[in-house]
Amino acid sequence: MDSDPPFHETYKTLFAVTKPLNNDWLAAVMAVEELELPSIDLTWLSLESPEKERCKNDIARAANEWGFFQVVNHGISRDVLEKMRDEQVKVFKQPFQHKCREDKFMNVSAGSYRWGTPTATCLRQLSWSEAFHIPMTDISSLGDTSIFSSSSLHQFATEVASLAQKLAEILAEKSGKKSTFFQENSLPSTCYLRLNRYPPCPIPLFGLMPHTDSDFLTVLYQDQVGGLQLVKDGKWVAVKPNPEALFINIGDLFQAWSNDCYKSVQHCAVTNPTKERFSVAYFFCPSYDTVIESCSGDKPSVYRRFSFKEYRQQVQEDVQNYGYKIGLPRFLV
């Protein structure tokens, strides 16, 4: 049985009516400049000031100027990362029909497996990828009958969640906000892992369409194939892979909560014509009832107060009505 989703068969009409190379949107897919993200060595956090404070300032500066940065010496061992990658490869090699019946064959919640873009009306809206969305609460309950190794997922998820908490508290401190906010408001039930696979694609397409993340921050572990791109200074650039790093990006909630001190920037994944690509992302989210208040010292609030639940509902409504997420502009004062 074939493990790949039936992209060509399912979207054959889109391929027939669309000439992708004539579209301006491919400027994002075909970005030629490759940049290295700001790299921050977290070893400095274990030292005394001023080195520790300098490291914290570097984290805040990167979040402000880029919205993205990479961390090395992050405390998650190579063994844990490699086991996570092996787990991904094993899971995505399962027959496509088994992945579609993930509740029966893979012992994860129904709806965890997703692929393509069911609502796509043109190739511009198609994400050439497959993924498993696994809430943190599901990871701890994976049993022996699951195709997933609960120990590999649990160890990776636990350690990356701890890293996200540490970085969030530093960013809160440096923006003048309450650093205990995340301990008080973040719950495993709303945080999750997304395991991604981007199959080879014969023409340049989005593996994941341009978007911002609807969370506080995201921690990404990716392979060396490359394909992550983001907007910097108004233009799309490719991110240079780094085998020693984890990649961090600011989400919409952090931008709003910091009153635009930190930036949630557009990013996407693009396909490779000959190589498959794997990544796994951890999304650090608050409880649904958590209220996001945009205020910072004497600076007027940029956004009105809203809850995480309200934000999610608005995003879902916009995607359903318009085919894309509008995001933070909906909540401007």
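Along the sequence shown, residues carry numbers from 1.
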key: Nearest-0.5 Å distance that lies between atom CG in Asp58 and atom CZ in Arg54   = 8.0 Å
request  = Please round to the nearest 0.5 Å and tell me the distance separating atom CD1 of Ile134 and atom CD1 of Ile139.
outcome  = 6.0 Å
Euclidean distance, Glu244 CD relative to Gln70 CD, rounded to 0.5 Å = 10.5 Å
query = Can Asp289 and Ser287 be counted as having a side-chain donor-acceptor contact under 3.5 angstrom?
reply = no
ask   = Nearest heavy-atom pair of Leu253 and Pro286: which atoms, and what distance?
value = CD1-CD, 3.5 Å
ask   = What is the ring orientation for Phe216 with Phe254, classed by angle as parallel under 30°, tilted 30 to 60°, or perpendicular over 60°?
value = perpendicular
inquiry  = Any donor-acceptor pair under 3.5 Å linking the side-chain atoms of Gln255 with those of Tyr303?
reply    = yes
ask   = Is Asp318 salt-bridged to Arg330, going by a charged N under 4.0 Å from an acidic O?
value = yes
inquiry  = Any donor-acceptor pair under 3.5 Å linking the side-chain atoms of Lys325 with those of Ser214?
reply    = yes
request  = Check the hydrophobic clustering (I, L, V, M, F, W, Y; side-chain heavy atoms under 4.5 Å; chains of links allowed) and say if Leu208 and Val270 are grouped together.
outcome  = no
Would you mind writing out the side-chain donor-acceptor pairs for residues 162-172 within the sub-3.5 Å range, not counting sequence neighbours?
from: Gln165; atom 1: NE2; to: Glu169; atom 2: OE2; distance (Å): 3.1
from: Glu169; atom 1: OE2; to: Gln183; atom 2: NE2; distance (Å): 3.3

task = Tell me, please, whether Phe132 has Arg114 positioned over its six-membered ring: NZ or CZ under 6.0 Å from the ring centre and within 45 degrees of its axis?
result = no
message = If we ignore hydrogens and angles and just use 3.5 Å, is the side chain of Ser77 paired with the main-chain N or O of Val80 as donor and acceptor?
response = yes
Any donor-acceptor pair under 3.5 Å from Thr271 side chain to Leu205 backbone = yes
message = Hydrophobic cluster membership, with links at side-chain heavy-atom distances under 4.5 Å among I/L/V/M/F/W/Y: are Val225 and Met84 in one?
response = no
message = Between Val89 and Phe278, is the side chain to side chain contact (heavy atoms under 4.5 Å, CB included) condition met? List the steps.
response = CA-CA 8 Å; Val89 173; Phe278 292 94; 3.9 Å; yes
task = Could you grab the distance from atom CG of Leu81 to atom CD of Gln155, nearest 0.5 Å is fine?
result = 10.0 Å
request  = Compare all side-chain heavy atoms of Gln224 with those of Pro241 and state whether any distance is below 4.5 angstrom.
outcome  = yes
ask   = Quick one: does Val265's side chain get under 4.5 Å of Phe68's, heavy atoms only?
value = yes
message = Less than 4.5 Å apart, side chain to side chain, heavy atoms only: is that true for Thr137 and Leu187?
response = no
query = Does the separation of the ring centres of Trp257 and Phe181 fall below 6.0 angstrom?
reply = yes
inquiry  = Using the rule given for side chain to side chain contact (heavy atoms under 4.5 Å, CB included), can you reason through Val237 versus Val239, listing the C-alpha separation, both sets of side-chain angles and the distance that settles it, and then say yes or no?
reply    = CA-CA 7 Å; Val237 296; Val239 174; 5.6 Å; no
request  = Any chance you could lay out the side chain to side chain contact (heavy atoms under 4.5 Å, CB included) test for Phe69 and Ser39, step after step, and finish with the verdict?
outcome  = CA-CA 6 Å; Phe69 56 94; Ser39 182; over 6 Å; no
task = Could you pull out the closest heavy-atom pair between Trp44 and Cys55, with the gap in Å?
result = CB-CB, 3.7 Å
task = Quick one: sort the Tyr113 and Phe96 rings into parallel, tilted or perpendicular, breaks at 30° and 60°.
result = perpendicular
query = Partners of His74 by ring-ring contact (aromatic ring centres under 6.0 Å, His included), sequence neighbours excluded?
reply = none
inquiry  = Which heavy atom of Asp252 sits nearest to which heavy atom of Leu328, and what is that distance?
reply    = O-CD1, 3.6 Å
ask   = How far does OG1 of Thr117 sit from CE of Met209, to the nearest 0.5 angstrom?
value = 6.5 Å
ask   = Is the closest basic N to carboxylate O distance between Lys263 and Glu65 below 4.0 Å?
value = no
key: Salt-bridge contact Lys12-Glu9 (side-chain N to carboxylate O under 4.0 Å)   = yes
ask   = Are the aromatic ring centres of Phe284 and Phe182 under 6.0 angstrom apart?
value = yes
task = Report whether Leu42 and Leu47 are members of the same hydrophobic cluster (ILVMFWY, side-chain heavy atoms less than 4.5 Å apart, transitive linking).
result = no
query = Is the shortest side-chain N to carboxylate O distance from Lys83 to Asp86 below 4.0 Å?
reply = no
key: Minimum heavy-atom distance between Gln94 and Lys99, given as atom pair plus value   = O-CE, 3.3 Å
key: Sub-4.5 Å side-chain heavy-atom contact between Leu153 and Glu87   = yes
query = Could you walk me through whether Asp213 and Phe283 pass the side chain to side chain contact (heavy atoms under 4.5 Å, CB included) check?
reply = CA-CA 8 Å; Asp213 290 348; Phe283 295 88; 3.8 Å; yes
ask   = Would Asp260 and Ser258 count as having a side-chain donor-acceptor pair, cut-off 3.5 Å?
value = no
inquiry  = Has Asn64 got a side-chain atom pairing as donor or acceptor with Cys261's backbone, closer than 3.5 angstrom?
reply    = yes
query = Could Arg304 and Glu293 be called an ion pair, given the rule that one side-chain N must be under 4.0 Å from one carboxylate O?
reply = no
ask   = Is the closest side-chain donor-acceptor distance between Thr121 and Gln125 under 3.5 Å?
value = yes
ask   = Ile250 and Phe331: same hydrophobic cluster, using ILVMFWY side-chain contacts below 4.5 Å?
value = yes
ask   = Are Trp115 and Thr10 close enough that some pair of their side-chain heavy atoms sits under 4.5 Å apart?
value = yes
task = Identify, with sequence neighbours excluded, every residue that meets ring-ring contact (aromatic ring centres under 6.0 Å, His included) alongside Phe308.
result = Tyr288
ask   = Who pairs with His8 by ring-ring contact (aromatic ring centres under 6.0 Å, His included), at least two apart in sequence or on another chain?
value = Phe15, Trp128
task = For residues Gln229 and Ala238, report the shortest heavy-atom separation together with the two atoms involved.
result = CG-CA, 3.9 Å
inquiry  = Is any side-chain heavy atom of Pro95 closer than 4.5 Å to one of Ser3?
reply    = no
key: Over 12 non-hydrogen atoms of neighbours within 6.0 angstrom of CD in Glu184   = yes
Can I get a per-line list of side-chain donor-acceptor pairs under 3.5 Å for residues 191-202, giving both atom names and the distance, sequence neighbours left out?
from: Arg194; atom 1: NE; to: Asn196; atom 2: OD1; distance (Å): 2.4
from: Arg194; atom 1: NH1; to: His133; atom 2: NE2; distance (Å): 2.7
from: Asn196; atom 1: ND2; to: Ser279; atom 2: OG; distance (Å): 3.1
from: Arg197; atom 1: NE; to: Glu276; atom 2: OE1; distance (Å): 2.7
from: Arg197; atom 1: NH1; to: Asp4; atom 2: OD1; distance (Å): 2.8
from: Arg197; atom 1: NH1; to: Glu130; atom 2: OE2; distance (Å): 2.7
from: Arg197; atom 1: NH2; to: Asp4; atom 2: OD1; distance (Å): 2.9
from: Arg197; atom 1: NH2; to: Glu276; atom 2: OE1; distance (Å): 3.1

message = Does the structure place the NZ or CZ of Lys232 under 6.0 Å from the centre of the six-membered ring of Trp66, at an angle of no more than 45° from the ring's axis?
response = yes
request  = Under 4.5 Å between side-chain heavy atoms, chaining through other members, with only Ile, Leu, Val, Met, Phe, Trp and Tyr counted: pull out the rest of the cluster around Val72, sorted by chain and number.
outcome  = none
query = Minimum heavy-atom separation for Arg277 to Gly227, with atom names?
reply = NE-N, 4.2 Å
request  = Find out whether Val280 and Leu220 are in side-chain contact, i.e. whether some heavy atom of one side chain is under 4.5 Å from a heavy atom of the other.
outcome  = no
Test item: His267 and Asn249 side chains (from C-beta on) under 4.5 Å apart, heavy atoms = yes
ask   = For the atom pair NZ (Lys174) and CG (Asn57), what is the distance rounded to the nearest 0.5 Å?
value = 4.0 Å
